[in-house]
Amino acid sequence: MSYQTLKISYQDVVQRIQIYRPESNNSINSQLTMELLSALQAAEAEEVVKVVILEGLPDVFCTGMDFEEVATAKQFDPKASANGYYNILKQMSQSSKVILSLVRGKVQAGGVGLVAASDLVIADETATFVLSELLFGLLPACVLPFLIRRVGFQKAYRLALTTQAISVSEADKWGLIDEYGSNINQLISKYIRRLKYLPSSGVKELKNYINQLWIIQAETQDLAVNEISSLIAEPTVQEKIKRFQKEGLFPWQT
């Protein structure tokens, strides 16, 4: 399959998936949602692949929902979009491959969800993390089940409530990332040297067991998808999104 929003490469037991929408700050539109889920499912079928590295651009990992699509696309379906995004997080958390996110630069909104659903996260010193949804009258509804599992209830709640960015060092203390440093390739190589010997069946069993200890059920997805899709449909939220997309102004700015 040819991808419009991703770049795929292979090296030994590693498949790299790069989110590549530089013209849109690596935001998530319907095309990216479809392609990323497809790429993760395709990786699942590759017996030789043990590790999937998910990465963004040098200055931005992912900025979440594509507001331009929300504001201008006549056929945009909030429920289908939310379901597609949630299915990506679910696929990552259930995959027999080790999903390692390589994070540089800005991580915002839905990008935080991709990080939270990863098995391992390696970042460089430029990485910052923010949940900005509440500024627009939205909620990080699909992100929170996975974020709470990774960092705990209060830290996830604080990130969603304050909408303030945290630095890579703070993210490290919270457990949102696993390691950070200036030589990220060296950090990744250290993990791959061990991970390449793990049987995929064992990784799958471990994830299945962990998922039973922390139950994210079908009802969780329904709750998250219904919540975010209903909020996106609110006229006041639509107005804030369209204003930001058109003028680059946050809701409190005149």
Side-chain angles (χ1 to χ4, degrees), residues 3-9 15-37 39-40 52-73 81 84-85 88-89 92 99-118 120-136 138 140 142-143 146-147 150-151 159-160 162-172 174 176-185 187-188 241 244-250 253:
Y3 297 100
Q4 299 178 25
T5 65
L6 304 174
K7 289 187 174 183
I8 310 290
S9 62
Q15 177 176 340
R16 297 182 81 114
I17 301 176
Q18 182 185 26
I19 302 171
Y20 194 78
R21 297 192 72 224
E23 74 287 352
S24 301
N25 246 357
N26 264 16
S27 59
I28 302 171
N29 65 355
S30 300
Q31 185 75 22
L32 174 58
T33 300
M34 178 188 69
E35 291 186 357
L36 183 51
L37 181 59
L40 290 168
V52 174
I53 296 178
L54 180 64
E55 62 184 312
L57 301 170
D59 59 341
V60 56
F61 177 71
C62 176
T63 55
M65 186 186 299
D66 185 346
F67 276 1
E68 182 176 2
E69 181 177 64
V70 176
T72 62
S81 174
Y85 172 74
I88 289 170
L89 304 186
M92 292 170 68
I99 310 296
L100 189 157
S101 278
L102 165 57
V103 178
R104 296 166 293 180
K106 185 186 298 184
V107 188
Q108 186 174 328
V112 175
L114 296 176
V115 168
S118 301
L120 295 167
V121 183
I122 306 299
D124 74 2
E125 294 160 332
T126 68
T128 59
F129 305 82
V130 61
L131 289 180
S132 52
E133 286 90 338
L134 205 56
L135 296 172
F136 297 90
L138 297 169
C142 295
V143 172
F146 298 89
L147 184 61
R150 187 168 248 278
V151 303
L159 204 60
T162 65
T163 70
Q164 292 179 331
I166 61 171
S167 66
V168 69
S169 61
E170 193 164 10
D172 183 51
W174 285 20
L176 181 55
I177 65 173
D178 296 290
E179 283 198 62
Y180 74 98
S182 56
N183 194 337
I184 52 179
N185 289 325
L187 291 175
I188 290 172
I241 289 174
F244 181 80
Q245 187 273 325
K246 184 178 180 180
E247 303 175 28
L249 296 176
F250 287 102
Q253 294 175 308

Measuring from [X]:[atom1] to [Y]:[atom2], what's the distance to the nearest 0.5 Å?
| X | Y | atom1 | atom2 | result |
| --- | --- | --- | --- | --- |
| N183 | I122 | CG | CD1 | 11.5 Å |
| D178 | S101 | CG | OG | 10.0 Å |
| E69 | Q31 | CD | CD | 9.5 Å |
| L102 | N185 | CG | CG | 7.5 Å |
| E170 | T128 | CD | OG1 | 11.5 Å |
| Q18 | F61 | CD | CZ | 10.5 Å |

Item checked: Side-chain donor-acceptor pair present, D124, T126, cut-off under 3.5 Å ->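 Looking only at side-chain atoms, T126 and D124 do form a donor-acceptor pair, the distance falling under 3.5 Å.
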Next item on the list: Using distance alone, with no hydrogens and no angle criterion, decide if T5 and E35 have a side-chain donor and acceptor under 3.5 Å apart.
Entry: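 Distance-only check passes for T5 and E35.
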Margin query: With a 4.5 Å cut-off on side-chain heavy atoms, are L176 and L147 touching?
Written below: yes
Notebook entry, point to check: Do F136 and F67 have side chains that get closer than 4.5 Å, going by heavy atoms?
Noted result: yes
Between [X] and [Y], is there a donor-acceptor pair closer than 3.5 Å when you use the side chain of the first and the backbone of the second?
| X | Y | result |
| --- | --- | --- |
| N26 | T63 | no |
| S24 | R21 | no |
| R16 | S9 | no |

Next item on the list: Take L32 and L6 through the side-chain contact (heavy atoms from CB on, under 4.5 Å) test and state the conclusion after the steps.
Entry: CA-CA 8 Å; L32 174 58; L6 304 174; 3.5 Å; yes
Exercise: identify the closest heavy-atom pair between [X] and [Y]:
| X | Y | result |
| --- | --- | --- |
| L131 | V143 | CD2-CG1, 4.2 Å |
| L54 | M92 | CD2-CE, 4.1 Å |
| V130 | T163 | CG2-O, 3.3 Å |
| L187 | G181 | CD1-N, 3.9 Å |
| Q245 | A71 | OE1-CB, 4.2 Å |
| S169 | Y180 | CB-OH, 3.5 Å |

Next item on the list: Apply the side chain to side chain contact (heavy atoms under 4.5 Å, CB included) test between I99 and each candidate in V121, L114, V52; give the one that qualifies.
Entry: V52
Margin query: Assess the residue pair Y3 and I17 against the criterion (side-chain contact (heavy atoms from CB on, under 4.5 Å)); give the C-alpha distance rounded to whole Å, side-chain angles, the decisive distance to 0.1 Å, and a yes or no.
Written below: CA-CA 11 Å; Y3 297 100; I17 301 176; over 6 Å; no
Which pairs would a plain distance check flag for residues 103-110, meaning a side-chain donor or acceptor within less than 3.5 Å of a matching protein atom at least two apart in sequence or in another chain?
from	atom 1	to	atom 2	distance (Å)
R104	NH2	E55	OE1	3.2
R104	NH2	G56	O	3.4
Q108	NE2	S132	OG	3.1

Next item on the list: Show your reasoning for whether side-chain contact (heavy atoms from CB on, under 4.5 Å) applies to I241 and L138.
Entry: CA-CA 10 Å; I241 289 174; L138 297 169; 4.2 Å; yes
Checklist line | Neighbour count above 12 (heavy atom, 6.0 Å) for Y20 OH | finding: no
